[in-house]
Amino acid sequence: MRFSLLATWLLYGLLPVSAQDTSLGTVEEAFENANIPNTLHITFKPSVLLEVTFPQPSSPSVTIHAGEQLPRNATVGPPQFAVRGALPPSQRFVIATVDPDAPTPQDPTEAEIRHFLAGNFVRGATTGPGQRLVNETVPLSGWLQPTPPAGSPAHRYVFLLFEQPGDFDSQTFVTTNTSVSNFNISAFAQEVGLGNPIAGSFMLVAPDPSS
Ligand SMILES: *[C@@H]1O[C@H](CO)[C@@H](O)[C@H](O)[C@H]1NC(C)=O
Ligand SMILES: *[C@@H]1O[C@H](CO)[C@@H](O)[C@H](O)[C@H]1NC(C)=O
Ligand SMILES: *[C@@H]1O[C@H](CO)[C@@H](O)[C@H](O)[C@H]1NC(C)=O
Ligand SMILES: *[C@@H]1O[C@H](CO)[C@@H](O)[C@H](O)[C@H]1NC(C)=O
């Protein structure tokens with residue numbers, strides 16, 4: 001484990017201009033090394049790559065690779081999404097972002113915090129090797145910028161892509177009024193029949209130095 005994480009870092013070090021993930025195995029391994037499948041009670045065997053991109057006010061957008069740490073002020077969002085690889089035939093997709101480390105990774109009593117949840121993502125324009133995913137409805141939970149409290153280590157913010165079941169729009173387990181705290185993406189996926197995620201990524205964000 002430790003060796004493979006080191007190898008992953010070395011590999012990134014040798015690929016300075018390629019922020020995006022290019023290998024499903026690398027993403028799966030990054031999830032394992034960060035203990036995300038266990039923490040979230042999910043089975044993570046991605047079949048496509050999920051690209052998560054944060055627009056920046058005065059510099060090029062940032063597309064994360066799985067496990068990358070971003071400064072909090074680069075995560076204003078809302079993020080944009082694209083996939084690389086062959087999507088399953090579903091017409092619509094659900095994207096969720098959760099923080100399992102709130103308020104701290106040592107004592108995550110508020111976890112998971114739901115930072116984003118939206119259905120009705122459809123195939124959009126192709127962008128080089130990728131294909132955009134565009135939402136056709138307002139998110140159930142609009143993007144909530146990471147705000148780990150002062151003194152906390154960095155939190156994991158996990159993005160997951162699911163195929164959308166036909167009756168998703170009539171689910172009532174989460175509405176725009178549902179608290180974002182103490183969410184459980186695994187339980188939600190079971191309740192509404194999302195199945196296992198087909199893609200994912202994650203970033204680390206530490207408290208703002210000024211907080
Ligand atoms: C984020 O903060 C750092 C350090 O204060 C600063 O150098 C950088 O320009 C800021 N970035 C944005 C997008 O505000
Ligand atoms: C898509 O989501 C964004 C926020 O993430 C929202 O502002 C926009 O209205 C949504 N698009 C549609 C068509 O509802
Ligand atoms: C959310 O709460 C408001 C105010 O109580 C209510 O009017 C609205 O119908 C609720 N929306 C949903 C989706 O439950
Ligand atoms: C979340 O839901 C899963 C079932 O999918 C369950 O095993 C797990 O204990 C739940 N986690 C919490 C913190 O309740």
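Every number for a ligand or one of its atoms is a count from 1 in the order of the listing. FYI, the numbering just counts along the sequence from 1.
Taking the six-membered ring for Trp and the full ring otherwise, the centers of Phe116 and Phe81 sit less than 6.0 Å from each other.
For the side-chain hydrogen bond (donor to acceptor under 3.5 Å, both in side chains) test with Asp101, the passing option among Gln106, His155, Arg156 is Arg156; the others fail.
When only modelled atom types and interatomic distance are considered, Thr178 and Arg114 share no side-chain donor-acceptor pair under 3.5 Å.
Atom 13 (C) of ligand 4 lies below 4.0 Å from none of the non-hydrogen atoms of the protein. Counting only heavy atoms, the protein never gets under 4.0 Å from atom 7 (O) of ligand 2.
Heavy-atom contacts of Ala187 reach the following atoms of ligand 4: 2 (O), 5 (O) (cutoff under 4.0 Å). Against a heavy-atom cut-off of under 4.0 Å, Ser186 is close to the following atoms of ligand 4: 3 (C), 4 (C), 5 (O). Taking a cut-off of under 4.0 Å to the non-hydrogen atoms of Gln56, the atoms of ligand 1 that pass are 13 (C).
Thr147 OG1 to Asp208 CG: the interatomic distance, rounded to the nearest 0.5 Å, is 8.5 Å.
From the protein, the heavy atom lying nearest to atom 5 (O) of ligand 2 is Pro139 CG, 3.7 Å. Closest to atom 9 (O) of ligand 4, if we only count protein heavy atoms, is His41 NE2, 3.9 Å. Looking only at protein heavy atoms, the nearest one to atom 1 (C) of ligand 4 is Asn184 ND2, 1.5 Å.
Using a non-hydrogen distance threshold of 4.0 Å, Gly142 does not register as a contact of ligand 2.
When atom types are taken as modelled, the side chain of Glu163 and the backbone of Pro88 share no donor-acceptor pair closer than 3.5 angstrom.
The neighbour count for Gln56 CD, taken as heavy atoms of other residues, nucleotides or ligands under 6.0 Å away, is above 12.
Nearest-heavy-atom check against atom 3 (C) of ligand 2 across Asn135, Thr137, Val138, Ile95 picks out Asn135. With atom 10 (C) of ligand 1 as the reference point, the heavy atom nearest to it among Thr75, Asn73, Asp208, Val62 is part of Asn73.
Ile42 and Phe173 fall within a single hydrophobic cluster, where Ile, Leu, Val, Met, Phe, Trp and Tyr are joined by side-chain heavy atoms under 4.5 Å apart, directly or via other members.
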- Query: Can Phe162 and Phe188 be said to form a ring pair (Phe, Tyr, Trp, His ring centres under 6.0 Å), step by step?
  - Reply: CA-CA 12 Å; Phe162 299 89; Phe188 179 73; 8.2 Å; no
